There are 2 protein chains.
Amino acid sequence: MAISNSNNRFNSKLTSQCQNCSLSALCLPIALADEDVNRLDQIIERKRPLKKGEMLFHQGEEFDSVFAVRTGTLKTFNITNSGEEQITGFYCPSELVGLSGIDENHYPVSAKALETTTVCEIPFSHLEQLSSQIPSLKHQLFRLMSRKICDDQQMMVLLGKKNADEKVASFLLNLSHRFKKRGYSATSFRLSMSRGEIGNYLGLAVETVSRVMTRFQKNGLIDVDGKEISIINLPEMEKLVGAAGECATIEHV
Amino acid sequence: MAISNSNNRFNSKLTSQCQNCSLSALCLPIALADEDVNRLDQIIERKRPLKKGEMLFHQGEEFDSVFAVRTGTLKTFNITNSGEEQITGFYCPSELVGLSGIDENHYPVSAKALETTTVCEIPFSHLEQLSSQIPSLKHQLFRLMSRKICDDQQMMVLLGKKNADEKVASFLLNLSHRFKKRGYSATSFRLSMSRGEIGNYLGLAVETVSRVMTRFQKNGLIDVDGKEISIINLPEMEKLVGAAGECATIEHV
DNA sequence: TTGGCTTGATGACTTAGATCAATTATTGAG
DNA sequence: CTCAATAATTGATCTAAGTCATCAAGCCAA
């Protein structure tokens with residue numbers, strides 16, 4: 001747990017990297033002056049990689065940082081009163097985890113690595129201070145939180161109104177969009193989560209996820225090989241999902 | 001639509017009221033210096049009341065303000081591709097609507113009054129500027145957005161994992177908490193939304209909402225008289241819901 | 001390489017909640 | 001106040017998806 005490096009960074013080679021990080025355009029999609037990126041960079045701690053199954057933080061723990069995923073994938077989840085896990089989100093590189101902890105100063109969810117995962121730790125109090133000095137950073141933070149609200153509400157629509165086919169199709173297309181945004185193939189990718197985790201997230205039984213995917217494959221919509229997914233008929237998939245798999249129906253950049 | 005009053009306020013008697021507003025402790029639950037409250041007050045516009053059914057803003061419209069509900073109730077909703085309405089939230093006095101518009105600079109949802117409703121309009125650009133000068137206001141904003149994320153995720157759990165009884169019970173207790181927080185009875189209140197709207201919000205058919213409420217009444221959990229609800233057996237209701245009807249399982253104040 | 005363990009696929013059956021249909025309350029416009 | 005329109009309740013089916021059970025396929029440890 002303790003990071004041996006005295007300056008509290010995982011590896012000195014990893015310091016001062018926001019400038020070079022291929023994710024910064026997503027993680028910081030704003031024109032920060034070099035000097036400002038540097039200041040942000042100063043407060044960020046790169047942590048040692050988490051192994052599959054390791055926890056980043058636990059539900060109820062005191063909140064002090066948000067985390068940007070650099071590589072790998074995380075899931076966040078609640079343990080419900082009946083003891084079952086409810087997954088509330090999956091986090092891919094460039095995405096920020098932990099924002100829900102700000103309000104109560106405790107994380108309301110746990111975060112666990114689905115595979116070997118590295119994150120940048122951003123102490124929130126520092127980030128908040130810095131945001132006072134860099135208005136564009138503050139605005140970026142508001143935007144990120146607003147987007148999260150937006151995305152979660154789309155998820156609410158999905159859970160409340162969509163049937164199993166639409167849920168699975170939405171899920172796959174949502175991942176596709178996220179891969180594409182990071183410069184990967186939008187049509188061919190590997191699922192880092194199990195069928196069980198997909199079902200849990202989508203409010204479906206494992207068997208249903210499995211059946212839907214099999215049927216999608218039979219109908220030539222996708223090709224499934226274990227965790228490897230290829231989207232064969234993207235237009236048809238999009239038709240299935242209906243309009244907005246993303247936050248707004250209108251695309252603004 | 002246009003506000004006749006030249007200073008763009010509904011009524012001069014309504015200006016400079018944050019200090020007096022009974023909601024400010026909820027709307028601004030922070031120790032703002034008098035002077036700071038004044039500055040916030042300056043940027044707020046009190047609008048003329050909305051009549052039942054009137055829109056506050058439309059999905060797709062340009063975002064420029066968030067709104068604090070003063071009296072009445074609002075709902076926010078999406079129109080899905082298939083043309084049906086999906087309600088994403090209900091907003092009671094002291095609650096803030098419109099935060100999801102920050103990201104894309106357009107409201108991703110529409111907001112409509114469920115009854116005669118008054119709101120304070122808070123131009124976001126001003127609020128953001130002001131938040132640079134008043135750190136506690138900035139922090140409060142982060143907290144509000146974080147809480148919204150938290151609440152929405154609880155809603156996702158509700159939609160994904162709960163059965164009809166649990167959904168309806170959660171909904172009623174959630175309202176109960178919100179009324180209580182504003183100093184009203186936690187056990188006796190009037191629903192400003194129709195059964196149809198409740199069902200839409202909870203991912204249930206109207207008939208199911210109706211049946212569940214009837215059954216709750218038969219079992220002595222609640223008393224229903226049209227839109228008037230009394231919670232008779234609060235402990236049993238809470239048991240039904242399970243643990244967290246609120247954001248975190250742990251209550252911090 | 002084997003054998004235990006987890007994950008995924010598939011079939012048979014059950015069920016919670018949707019849908020359809022009919023009836024009774026409420027509401028509100030004139 | 002009256003009557004049409006709308007909302008809510010209630011009952012009778014129907015169905016999408018859950019549950020249970022079994023089997024196949026990876027996958028790692030020894």
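On a predicted model such as this, the values are computed, not experimentally measured, just so you know. Per chain, numbering begins at 1; letters A, B, ... match sequence-line order.
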Whole Å only: how far is the [atom1] atom of [X] from the [atom2] atom of [N]?
X	N	atom1	atom2	result
B:E207	D:dT6	CD	P	18 Å
B:L191	D:dA7	CG	C1'	13 Å
A:Q217	C:dA9	CD	P	9 Å
B:R195	C:dA18	CZ	P	16 Å
A:L204	D:dT19	CG	C1'	14 Å
A:I198	C:dG8	CD1	C1'	11 Å
A:M213	C:dT10	CE	C1'	16 Å
B:K162	D:dA17	NZ	C1'	21 Å

What contact category does [X] fall into here, base, sugar-phosphate, or nothing, at under 4.0 angstrom with non-hydrogen atoms?
X	result
B:G199	nothing
A:S194	sugar-phosphate
B:G196	sugar-phosphate

Checklist entry - Toward the 5' end of DNA chain D, which comes first, A:G203 or A:D225, by nearest nucleotide? => result A:G203

Which nucleotide wins on minimum distance to the side chain of [X], given the candidates [options]?
X	options	answer
B:T208	C:dA12, C:dG17, D:dA12	C:dG17
A:N163	C:dG17, D:dA8, D:dA17	D:dA17
A:S210	C:dA9, D:dA8, C:dG28	C:dA9
B:A205	D:dA17, C:dT19, D:dA8	C:dT19

Checklist entry - Using 30° and 60° as the class limits, which term best fits the ring planes of A:Y107 and A:F57: parallel, tilted or perpendicular? => result parallel

Item to check | Donor-acceptor pair under 3.5 Å, B:R215 side chain vs D:dT10 base | outcome: no

Checklist entry - Looking only at N and O atoms, is any donor in the side chain of B:R211 or the base of D:dG11 less than 3.5 Å from an acceptor on the other one? => result yes

Checklist entry - Looking only at atom types and distance, does a side-chain atom of A:N233 sit under 3.5 Å from a main-chain N or O of A:E236, one as donor and one as acceptor? => result yes

Checklist entry - Within the side chain of B:S176, is there an N or O that forms a donor-acceptor pair under 3.5 Å with the backbone of B:A186? => result yes

Item to check | A:E85 versus A:N200, side-chain donor and acceptor atoms under 3.5 Å | outcome: no

Next on the checklist: ring pair (Phe, Tyr, Trp, His ring centres under 6.0 Å) for B:F90 and B:Y201? Distances and angles first, verdict last.
Outcome noted: CA-CA 9 Å; B:F90 297 110; B:Y201 180 60; 4.9 Å; yes

Item to check | D:dT10 OP1/OP2 closer than 4.0 Å to side-chain N/O of B:T214 | outcome: yes

